[in-house]
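Take a look at the structure set out below.
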Amino acid sequence: MHAKMTKLQAVFSLSLVFLCLCSKTLGQAPVQAPAQAPAKPADTPAPRGTPDVTKILQKAGGFTILLRLLRTTAVADQIKGQLDNSDTGFTLFAPTDSAFSNLKSGTLNSLSNEEKIRLMQFHTLPKFYSLENFETITNPVRTQAGDTNPGDYPLNLTAAGGQVNISTGLVNATVSGTLFSAKQLAVYRVDRVLLPLDIFVPKPPAPAPAPVKPKAKKAAASPKSSSSTTTPTLEVDSGAVGLTEHGMLVSVGFSVFIAAFSLR
């Protein structure tokens with residue numbers, strides 16, 4: 001009996017302890033999750049600097065030969081430098097590696113360094129043109145290689161139905177895509193290398209100079225005779241006629257006198 005009472009007391013004690021723990025737990029406020037730090041606003045992308053033509057072409061891919069020419073001729077640096085100080089911008093026509101491979105073998109190697117520079121500048125317009133601008137452009141168009149006059153590396157462009165065609169007078173090319181168009185720089189893919197007449201068409205030879213007429217020679221003066229000569233003269237003096245020849249005077253009057261004397 002005593003053992004039974006002891007067991008009941010133990011159970012009652014454990015029940016009291018359990019009830020106390022439960023009431024304590026229920027009476028506490030729910031634990032709040034730690035407050036999170038306020039989210040930072042998304043960083044505003046910093047404005048990009050001057051567009052880099054070489055990076056644009058590298059990202060697009062397929063312009064290995066053009067990139068090499070732009071670097072070796074320093075035209076890429078020229079474009080980048082002028083973009084920093086230009087309000088009109090630039091437009092670059094970019095022939096693909098496939099376009100260069102269609103050139104006659106040895107075409108590029110036959111050019112001098114100066115002609116390679118002109119070739120790259122011929123693909124550059126010193127003004128920003130969107131595709132829409134080409135529809136109202138005035139021909140001929142000046143390139144970075146020269147001016148709009150014949151012999152000054154001009155281009156002719158036409159646009160219709162969203163297609164832009166380019167004529168050099170030797171090559172007809174088509175704009176086949178836009179690689180970049182923003183911040184005063186437009187880069188368009190073209191399907192052919194733009195060959196200027198001024199480099200790839202032989203110039204006619206200069207006309208031969210007119211022959212120089214020989215100067216008229218002065219007539220040589222007749223040499224003077226070493227011996228003095230007397231020009232024959234006819235003299236009339238007091239009825240006598242004198243003929244002077246070779247220094248001798250023959251008197252006609254004296255001859256007449258001798259003849260009259262012998263007749264007596």
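Basis for what follows: all heavy atoms, side chains included, without hydrogens, waters or symmetry-related copies. Quick note: residue numbers are just sequence positions, from 1.
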In terms of heavy-atom contacts, Asn133 and Ser130 come closest through OD1-N, 2.8 Å
Evaluation steps, side chain to side chain contact (heavy atoms under 4.5 Å, CB included), between Lys127 and Thr91
CA-CA 6 Å; Lys127 185 177 179 180; Thr91 299; 5.7 Å; no
Sub-3.5 Å donor-acceptor pair from the side chain of Arg118 to the main-chain atoms of Ala145, do we have one? yes
Q.
side chain to side chain contact (heavy atoms under 4.5 Å, CB included), that's the test. Do Gln78 and Gln144 meet it? Break it down for me.
A. CA-CA 10 Å; Gln78 181 186 35; Gln144 191 70 5; 4.1 Å; yes
So Val193 and His123, do their side chains get closer than 4.5 Å, heavy atoms only? yes
Is it true that a side-chain atom of Asn139 and a backbone atom of Leu157 form a donor plus acceptor pair closer than 3.5 Å? yes
Sequence neighbours excluded, the answer for side chain to side chain donor-acceptor pair (under 3.5 Å) partners of Thr88 is Ser86
Value for OG1 (Thr158) from CD (Gln163), rounded to nearest 0.5 Å, stands at 8.5 Å
Smallest heavy-atom separation, Leu194 atom then Ala173 atom, equals CD2-CB, 3.7 Å
| said: Does Val75 form a side chain to side chain contact (heavy atoms under 4.5 Å, CB included) with Gln121? I'd like the steps, not just the answer. | reply: CA-CA 7 Å; Val75 171; Gln121 291 176 332; 4.2 Å; yes
What one should report as the nearest heavy-atom pair of Val190 and Ala99 is O-CB, 4.5 Å
In short, Ala76 meets Thr54 closest at the heavy-atom pair CB-CG2, 3.8 Å
Close side-chain approach of Val164 to Leu131, heavy-atom, < 4.5 Å: yes
Taken to the nearest 0.5 Å, the spacing of Thr64 OG1 from Leu57 CG works out to 10.0 Å
Discussion item. With a 3.5 Å distance limit and no angle check, can you tell me whether Asn172 reaches the backbone of Asn165 through a side-chain donor-acceptor pair?
Written reply: no
query: side chain to side chain contact (heavy atoms under 4.5 Å, CB included) between Leu155 and Phe122: does it pass, once the steps are laid out?
result: CA-CA 8 Å; Leu155 283 175; Phe122 190 60; 3.4 Å; yes
Shortest non-hydrogen pair, Leu195 vs Thr168, comes out as O-OG1, 2.9 Å
Subject >> Side-chain heavy-atom pair Leu66, Met120 within 4.5 angstrom cut-off >> reply: yes
When rounded to the nearest 0.5 Å, the distance separating OG1 of Thr73 from CG of Leu119 is 9.0 Å
Correct closest heavy-atom pair for Leu170 and Phe200 would be CD2-CB, 3.7 Å
Distance col, row Thr107:OG1 vs Ile199:CD1, nearest 0.5 angstrom, shows 12.0 Å
(Q) Within the 3.5 Å criterion, strictly below it, is a donor on Thr50 or Asp84 matched to an acceptor on the partner's side chain? (A) yes
Do Thr96 and Phe63 have side-chain heavy atoms sitting under 4.5 Å apart?
yes
To the nearest 0.5 Å, atom CD of Gln82 lies from atom OG1 of Thr124 at 9.5 Å
Rounding to 0.5 Å, atoms CD (Gln58) and CG (Asp52) come to a distance of 8.0 Å
### Check: Val53 and Phe90 side chains under 4.5 Å, non-hydrogen atoms
no
message: Hydrophobic clusters here meaning ILVMFWY residues chained together by side-chain heavy-atom distances under 4.5 Å, can you tell me if Leu125 and Phe128 are in one?
response: no
